[in-house]
Amino acid sequence: MSSPTGSMLWIEKYRPKTLDEVVNQEEVVEGLKNLLSSNVSDMPHLLFAGPPGTGKTTVALAFARELYGDHWREYVLELNASDERGINVIREKVKVFAQYFSPSEEAPFKLVILDEADMMTAEAQTALRRIMEVNARVTRFILICNYLNRIISPIQSRTAIFRFKRLSYEDAKSYLMMICSREGVECSEDLIRKIYNVSMGDLRKAINLLQSAATVSGGRPTPDVVERIVGTASPEAVSRIVDYMRMGDFNNARATLYDFMSVSGLDAGEVLRLLYSEMVSRNLLTPEIAEAMAETEYRIQFSSNPEIQLVALVARITSSMRGEG
Ligand SMILES: Nc1ncnc2c1ncn2[C@@H]1O[C@H](COP(=O)(O)OP(=O)(O)OP(=O)(O)O)[C@@H](O)[C@H]1O
Ligand SMILES: [Mg+2]
């Protein structure tokens, strides 16, 4: 069975590595370039605010690359405010990260990128502000948030604020078309229009939709396929099915599969393609599993109850993974 999606999530594969590749955020990019070309050691803390999927994380990482060059990872600490177990964990991590660092010409400070800062309580943000001050000699922070008004004003007033805009239709279109041509996916204006309308300027969502639609349609997505995938959160559902199979939890894998099929209205062949692509991208495809999937694809066409073939496949994969330990 061939898959047009290759072995990777397109949102990662096509994440811009440089500021110049970022689209739609001209003011932000220009402002950051100015910072880079002036005396960098004077750089303030930065605050990136804007809707999901508009390039905030991408820009923060591209900025770090341009600041430090190839060894940028050594100088960057990425934290997620809502993942971490509270402000104390953040404090400890920043402290360890800032230790034994002497600023130099090439690296005047280390960089802490803190995503989802607006998920922190006001109390935690006050503590965060203190952490930023204590470590100011050797670190700069890039705080990232969706809602600027959920960031306490003492932090807002001490950071340079960069606002990200929703993607315009033209920018989203050229980005999606670039991906289609590199992936050999058929593309029409109607398709792009449909994807744009349902993703509302969120390029991550748009790219994920395009990838799912391309996968289930064998590289020939139509607006109708997009319509059926929208709202099914298909990447997440399929990824959960795979999680259950890995845990050896056949019952939950099967239940999730049934839910997903009834919500999405996708047929067994389409779901099989999504499963296949997920397995490939997570490096879980053994010869045995690949064979089982190919066989299922064949059987589905002739079965009066294709769902049963899928469930049998899920059972086989689950026990095959258990065998691997
Ligand atoms: N302005 C942009 N230019 C080019 N690609 C973009 C842009 N915005 C988003 N993308 C694409 O969408 C993906 C997600 O973007 P990113 O993670 O930067 O979004 P975000 O603004 O951090 O969203 P969130 O608030 O949900 O974290 C990227 O990997 C990239 O492929
Ligand atoms: Mg992000």
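Every number for a ligand or one of its atoms is a count from 1 in the order of the listing.
- Shown here are the side chain to side chain donor-acceptor pair (under 3.5 Å) partners of Asp20, two or more places apart in sequence or in another chain: Lys33.
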Apply side-chain contact (heavy atoms from CB on, under 4.5 Å) to Leu47 and Cys145, showing your working.
CA-CA 8 Å; Leu47 177 53; Cys145 68; 4.2 Å; yes
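- The heavy atom nearest to atom 9 (C) of ligand 1, considering only Ala60, Gly53, Pro51, is found in Gly53.
- Counting only heavy atoms of the protein, atom 18 (O) of ligand 1 lies nearest to Thr58 OG1, 2.5 Å.
- With hydrogens and angles left out, the side-chain atoms of Thr58 and Arg15 include a donor and acceptor closer than 3.5 Å.
- Protein-derived N/O/S atoms nearer than 2.8 Å to the Mg ion (ligand 2) total 1, waters excluded.
- Contact between Asn24 and ligand 1 is absent, with no heavy atom of the residue lying under 4.0 Å from the ligand.
- For atom 8 (N) of ligand 1, the choice among Asp115, Val22, Thr54 with the nearest heavy atom turns out to be Thr54.
- Between Arg204 and ligand 1, a contact under 3.5 Å exists for at least one N or O pair.
- A side-chain donor from one of Asp115 and Thr57 sits under 3.5 Å from a side-chain acceptor of the other.
- Taking all heavy atoms of Leu203, Ile179, Thr57 into account, the minimum distance to atom 6 (C) of ligand 1 is reached by Leu203.
- Considering backbone and side-chain atoms alike, Val23 places an N or O below 3.5 Å from some N or O of ligand 1.
- Electrostatic pairing of Lys17 and Glu21 does not count as a salt bridge here, judged by no charged N lying under 4.0 Å from a carboxylate O.
- Within a 6.0 Å sphere centred on CD of Glu12, heavy atoms belonging to other residues, nucleotides or ligands number more than 12.
- Checking only distances, Gly55 does come within under 3.5 Å of ligand 1, N or O to N or O.
- Under 3.5 Å, the side chains of Ser41 and Asn39 contain a donor-acceptor pair of N or O atoms.
- Within a 6.0 Å radius of CZ in Arg65, more than 12 heavy atoms belonging to other residues, nucleotides or ligands are found.
- A 4.5 Å side-chain heavy-atom check between Ser168 and Asp171 finds at least one atom pair inside the cut-off.
- With a heavy-atom cut-off of 4.0 Å, Asp171 does not touch ligand 1 at all.
- Counting heavy atoms under 4.0 Å from ligand 1, residue Asn146 touches it through the side chain alone.
- By heavy-atom distance, the residue among Phe164, Tyr14, Phe48 lying nearest atom 31 (O) of ligand 1 is Tyr14.
- For the pair Lys56 and ligand 1, the shortest N or O to N or O distance falls below 3.5 Å.
- Under 4.0 Å from ligand 1, the heavy atoms of Pro16 that appear belong solely to its side chain.
- With respect to Ile11, the side chain to side chain contact (heavy atoms under 4.5 Å, CB included) criterion is satisfied by exactly one of Leu210, Asn208, Leu203, Ile179: Asn208.
- At least one N or O atom of Ile11 sits closer than 3.5 Å to an N or O atom of ligand 1.
- More than 12 heavy atoms of other residues, nucleotides or ligands sit less than 6.0 Å from atom CD of Glu74.
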